Amino acid sequence: MNSNRLLLTMICVVLFAFIGLNFYQASQRLPEHSYSDFLADIDNGRLKETSIKGGKIIATDREDRQYTTFAPDVAGLLPVLKGSNIVINTHPVSVLTTLYKDMLLIILLFGGWMIFSRKSSASSTQFFRKNSAKSTPRKKTGVTFADVAGISEARDELKEIIDFLKQPSKYSRLGGQIPKGVLLEGLPGTGKTLLAKAIAGEASVPFFSIGGSDFVELFAGLGASRVRKLFEEAKKQAPCIIFIDEIDAIGGRRSADYRNGSNDEREQTLNALLVEMDGFETNETIIVVAATNRSDILDSALLRPGRFDRRITLTLPDIKERLKILKVHAAKTSTSSNVDLSLVARSTPGFSGAEIANLVNEAALLAARREKQSIEQTDFEDAQDKISMGLERKNAVINQEARRLTAYHEAGHTVVAKLLPETDPLHKTTIIPRGLSLGLTQQRPFDDHITYSKSYLLNKISILLGGRLAEELIFGRLTTGASNDLYVATQIAYRLVCEFGMSEQIGPIASIGNMSADVNGVFSESWQQSQQTLREIDTEIRRIILGCYETTRELIRDNNELLHMLAESLLAHETLDGEEVDIVYRCYLDHQRIETKQKSMKKN
Ligand code: ADP
Ligand code: ZN
């Protein structure tokens with residue numbers, strides 16, 4: 001990529017020099033007269049001076065006007081000029097200038113050809129390119145974690161990988177399972193490429209990169225051969241990183257596309273990749289980092305242990321992370337010290353890292369156009385307007401109404417999780433969209449539960465229902481945003497009844513669909529449950545969920561101040577971790593205490 005850019009710059013410079021030179025010459029260009037006119041002027045004695053350069057003649061007449069002409073036979077002309085008493089200046093033809101011009105032309109042509117031959121990948125040039133894996137810049141990236149802001153979670157997860165790249169022997173010595181593949185998932189612009197480069201930079205190992213779409217060629221087998229070449233090359237440079245961008249281009253589920261054989265090619269390429277990844281020797285320290293924003297369509301073969309078994313999700317940055325990213329990029333510019341970047345961070349919900357980088361760049365350009373010494377707040381604001389308008393067209397900026405709805409939905413989950421006993425501690429709650437969901441409330445179990453109590457499961461259902469209930473209580477209408485919550489809640493209720501035998505109505509009977517196990521634990525389909533039982537199960541599941549729904553509605557209604565407080569905090573901060581939720585909760589309790597105290601004082 002870099003060498004390409006260098007080449008492009010070089011060609012641009014040369015092109016400008018060339019054009020500039022021509023302009024300069026054009027500005028000096030004199031009118032051209034025919035040779036016979038020139039001869040006539042000599043005969044009439046109108047000429048004062050001539051300047052001869054090769055066959056080209058610049059003639060100056062007695063009124064000091066100049067023109068040029070071309071002499072077919074300079075040697076024959078000289079005696080004539082001499083005879084007419086005209087001053088003759090001669091210049092040797094500068095070999096250098098001609099050479100300079102010729103070289104320019106050659107460089108131009110060559111550069112053009114290089115660009116053309118690199119760019120045109122879909123056409124017949126492919127025939128000639130064959131197996132030249134163009135994808136192997138062997139240099140170190142020079143990118144470090146300092147360049148990637150707001151990814152503390154991912155950073156921790158990657159520490160081990162970097163350590164492993166730095167000291168492979170430490171790990172392989174004991175025959176431990178060595179990580180091979182890391183899958184980075186996230187929307188475009190969330191810093192996947194940057195992070196992959198940073199891994200290489202931190203470990204100071206070479207970085208090989210290739211785009212998934214580079215693999216998929218018109219000719220079957222080419223992609224697979226590229227994969228092999230790439231790994232061959234990488235093995236020579238190990239330890240190193242191989243980065244595969246858009247891995248979904250080859251790693252999409254295999255049956256997905258049967259159009260004109262392209263699927264076949266993709267499959268071959270994918271298989272080659274799997275074979276290479278499975279075939280690392282323990283002393284070949286290569287980490288394959290792949291990026292995708294469609295992890296949902298990836299072939300499960302890619303995700304098996306020993307392949308891309310580490311997955312790291314990069315989300316859109318929240319307000320704190322946006323501030324960090326802004327700081328990283330502002331540090332590369334001269335931003336005025338009175339710019340309040342946290343204001344910028346606050347007003348850019350929905351921006352990806354790339355869009356923030358772009359924002360800083362636009363602000364710098366605006367400031368430059370306004371001939372300022374440094375970037376000021378107004379430049380940021382105007383740049384943001386400019387970008388936001390573009391983004392709105394792309395529907396990337398979440399509109400305010402939907403944001404409020406999401407905030408109350410997530411706050412609903414959180415209120416219930418906070419108030420009910422026997423629940424997992426809250427990890428975080430956020431209104432930053434991630435994939436299809438608009439927000440997320442996450443709990444972390446203290447430790448891996450081996451057994452669940454019935455009240456734990458019922459509370460889990462209540463927490464799931466909390467989102468929808470909050471929407472209903474505040475906005476008085478239902479949206480489709482809660483459908484996944486309902487699905488999960490129903491599933492828990494189903495297992496509670498049919499798998500765990502916790503329902504009083506049905507009793508301690510496991511009845512998983514139409515299947516049942518015989519005494520030896522072998523499942524057979526022979527035992528059909530009666531329609532009666534199925535109906536009872538249905539009724540029971542409904543009873544459980546509706547029961548939870550009622551109690552949860554009461555709970556949220558009684559504590560709607562906490563709901564408002566949490567929703568407002570979410571709107572202001574976008575993400576709250578467990579500790580921050582606790583702070584809000586404590587405020588709420590204090591508030592409650594004051595109110596009860598005041599009430600009792602009024603009574604007395
Ligand atoms: P992706 O590969 O996920 O599409 P990139 O890694 O190409 O995204 O990100 C594009 C640019 O956006 C980066 O070069 C960087 O300037 C900026 N960027 C994205 N995320 C971050 C981040 N977390 N910190 C700093 N800059 C970022
Ligand atoms: Zn929800």
Side-chain angles (χ1 to χ4, degrees), residues 1-2 4-6 8-9 12 141-151 154 184-198 201 209 211 243 245-246 291-293 313-400 403 431-435 574-575:
M1 195 75 249
N2 249 340
N4 238 341
R5 187 166 296 174
L6 191 76
L8 207 70
T9 326
C12 283
T141 62
V143 178
T144 67
F145 278 158
D147 300 303
V148 197
I151 45 137
L184 303 177
E185 27 181 350
L187 295 173
T190 43
K192 299 182 291 294
T193 313
L194 188 67
L195 186 57
K197 283 185 181 161
S209 101
F243 177 64
D245 204 359
E246 304 172 62
T292 179
N293 59 348
T313 305
L314 298 179
T315 53
L316 289 177
D318 66 17
I319 194 164
K320 279 181 233 156
E321 291 161 346
R322 288 201 299 272
L323 180 58
K324 284 185 196 153
I325 299 175
L326 275 166
K327 280 181 181 159
V328 166
H329 289 281
K332 295 177 196 162
T333 65
S334 47
T335 298
S336 158
S337 56
N338 17 352
V339 169
D340 185 356
L341 287 177
S342 63
L343 277 182
V344 184
R346 199 172 313 152
S347 57
T348 45
F351 273 50
S352 70
E355 280 155 357
I356 292 171
N358 184 24
L359 171 68
V360 175
N361 190 46
E362 284 289 335
L365 293 180
L366 274 180
R369 200 174 307 149
R370 294 162 177 175
E371 317 220 331
K372 293 181 186 172
Q373 293 306 311
S374 59
I375 314 173
E376 287 162 15
Q377 196 86 34
T378 52
D379 302 316
F380 275 105
E381 280 162 17
D382 295 343
Q384 194 195 320
D385 286 346
K386 188 175 161 191
I387 292 173
S388 295
M389 272 190 292
L391 283 180
E392 239 150 53
R393 251 179 277 126
K394 284 193 287 168
N395 263 340
V397 169
I398 318 127
N399 75 45
Q400 291 304 310
R403 222 171 148 251
I431 55 171
I432 295 290
R434 172 190 196 139
E574 295 176 354
T575 301

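From a predicted model like this one, the values you see are computed outputs, not experimental measurements.
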Rounded to the nearest 0.5 Å, what separation is found between the CD atom of Glu381 and the OG atom of Ser347? 7.5 Å

Determine, for Lys320 against Glu574, whether the closest basic-nitrogen to carboxylate-oxygen distance falls under 4.0 angstrom. no

Going by the rule side chain to side chain donor-acceptor pair (under 3.5 Å), which residues pair with Lys327 if we only count those two or more places apart in sequence or in a different chain? none

Side-chain heavy-atom pair Arg322, Pro349 within 4.5 angstrom cut-off: yes

How many angstroms lie between CG in Leu184 and CG in Asn293, if you round to the nearest 0.5 Å? 12.0 Å

Output side-chain donor-acceptor pairs under 3.5 Å for residues 188-198, partner residues at least two apart or in another chain, one line each.
residue : atom : partner : partner atom : Å
Thr190  : OG1  : Leu187  : O            : 2.5
Lys192  : NZ   : Gly186  : O            : 2.9
Lys192  : NZ   : Leu187  : O            : 2.9

What's the separation between atom CG in Leu341 and atom CZ in Arg346, rounded to the nearest 0.5 Å? 12.0 Å

Which value, rounded to the nearest 0.5 Å, describes the distance between Phe351 atom CZ and Ile319 atom CD1? 13.0 Å

Qualifying residues under side-chain contact (heavy atoms from CB on, under 4.5 Å), relative to Thr144, sequence neighbours excluded: Ala146, Asp147, Glu202

Side chain to side chain donor-acceptor pair (under 3.5 Å) involving Ser342 - partner list, sequence neighbours excluded: Asp340

Could you tell me which non-hydrogen atom of Val328 sits nearest to which non-hydrogen atom of Ala149, and how far apart they are? CG2-CB, 3.6 Å

Between atom CZ of Arg403 and atom CD1 of Ile431, what is the distance when rounded to the nearest 0.5 Å? 4.0 Å

Any chance you could lay out the side-chain contact (heavy atoms from CB on, under 4.5 Å) test for Leu343 and Gln377, step after step, and finish with the verdict? CA-CA 9 Å; Leu343 277 182; Gln377 196 86 34; 3.8 Å; yes

Once side-chain contact (heavy atoms from CB on, under 4.5 Å) is applied, do any residues pair with Thr335, and if so which ones, sequence neighbours excluded? Ala330, Thr333, Val339, Ile375, Phe380

Residue set satisfying salt bridge (Lys or Arg N to Asp or Glu O under 4.0 Å) with Glu321, at least two apart, ordered chain then number -> none

Where do Ser352 and Pro317 come nearest, in terms of heavy atoms and distance? CA-CD, 4.0 Å

Could you list the residues that satisfy side chain to side chain donor-acceptor pair (under 3.5 Å) with Ser334, not counting sequence neighbours? none

With sequence neighbours left out, the residues meeting salt bridge (Lys or Arg N to Asp or Glu O under 4.0 Å) with Glu185 are Arg311

Determine the minimum heavy-atom distance between Ile325 and Gly353, stating which atoms define it. CD1-CA, 4.1 Å

Pair Gln384, Thr348 - check side chain to side chain donor-acceptor pair (under 3.5 Å), show working. CA-CA 8 Å; Gln384 194 195 320; Thr348 45; 6.0 Å; no

Report the residues that fulfil salt bridge (Lys or Arg N to Asp or Glu O under 4.0 Å) with Arg370, sequence neighbours left out, ordered by chain and then residue number. Asp379, Asp382

